[in-house]
Amino acid sequence: MTMNSLEEISKGDTIALDFETSALSTRSNMVLFSAATRIGRKMVSGAFDGCDFRGFWEQNKDKKIVFHNSRFDLGVMRHAGYDIDSVKF
């Protein structure tokens, strides 16, 4: 597994996400997020500043997303103003 750019991760069909926040509450701020995908036989991943998430989400929200802790992560997204009604479980 290698560290990669958001652009490269966005090439994957399925993307795994996990958020790190400033506290243990869904009302806390996203500090950073990690993302990973598989492209062919290669696993690509990285950790990124939370400020970069909005553009990444807009580009990838219609793909299959796998969350580490979906209840918490989607709560953080909802609190930050993201429309998560289209996320399928």
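No experiment lies behind these values; they were computed from the predicted model shown.
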The side chain to side chain contact (heavy atoms under 4.5 Å, CB included) partners of Asp49 (sequence neighbours excluded) come to Cys51, Asp52
Hits for side-chain hydrogen bond (donor to acceptor under 3.5 Å, both in side chains) against Thr14, two or more places apart or cross-chain, chain-then-number order -> none
Of all heavy-atom pairs linking Phe53 and Tyr82, the shortest is CD2-OH, 3.3 Å
Next on the checklist: Less than 3.5 Å apart, any donor N or O on the side chain of Ser10 or Asn60 sitting next to an acceptor on the other?
Outcome noted: yes
The reported gap from CD1 in Ile39 to CD in Glu8 (rounded to nearest 0.5 angstrom) is 5.0 Å
Sequence neighbours excluded, the answer for salt bridge (Lys or Arg N to Asp or Glu O under 4.0 Å) partners of Lys61 is Glu58
- So with a 6.0 Å cut-off around NZ of Lys63, is the heavy-atom count from everything else above 12? yes
Are side-chain heavy atoms of Ile84 and Met77 found at a separation under 4.5 Å? yes
Hits for side-chain hydrogen bond (donor to acceptor under 3.5 Å, both in side chains) against Asp73, two or more places apart or cross-chain, chain-then-number order -> none
Hits for salt bridge (Lys or Arg N to Asp or Glu O under 4.0 Å) against Glu7, two or more places apart or cross-chain, chain-then-number order -> none
Sequence neighbours excluded, the answer for side chain to side chain contact (heavy atoms under 4.5 Å, CB included) partners of Arg38 is Met43
4.5 Å side-chain heavy-atom contact, Asn69 and Phe19: no
ask   = Is the closest side-chain heavy-atom distance between Trp57 and Leu17 below 4.5 Å?
value = yes
Sorted by chain and residue number, the side chain to side chain contact (heavy atoms under 4.5 Å, CB included) partners of Thr21 (sequence neighbours excluded) come out as Ser28, Phe72, Val76
Taking the side chain as C-beta and beyond, is there a heavy-atom pair between Phe48 and Ile9 under 4.5 Å? yes
Nearest heavy-atom approach of Ala35 to Phe56 is CB-CZ, 4.1 Å
Applying side chain to side chain contact (heavy atoms under 4.5 Å, CB included) to Glu20 and not counting sequence neighbours gives Asp18, Leu32
Sorted by chain and number, sequence neighbours left out, side-chain hydrogen bond (donor to acceptor under 3.5 Å, both in side chains) with Lys11 holds for none
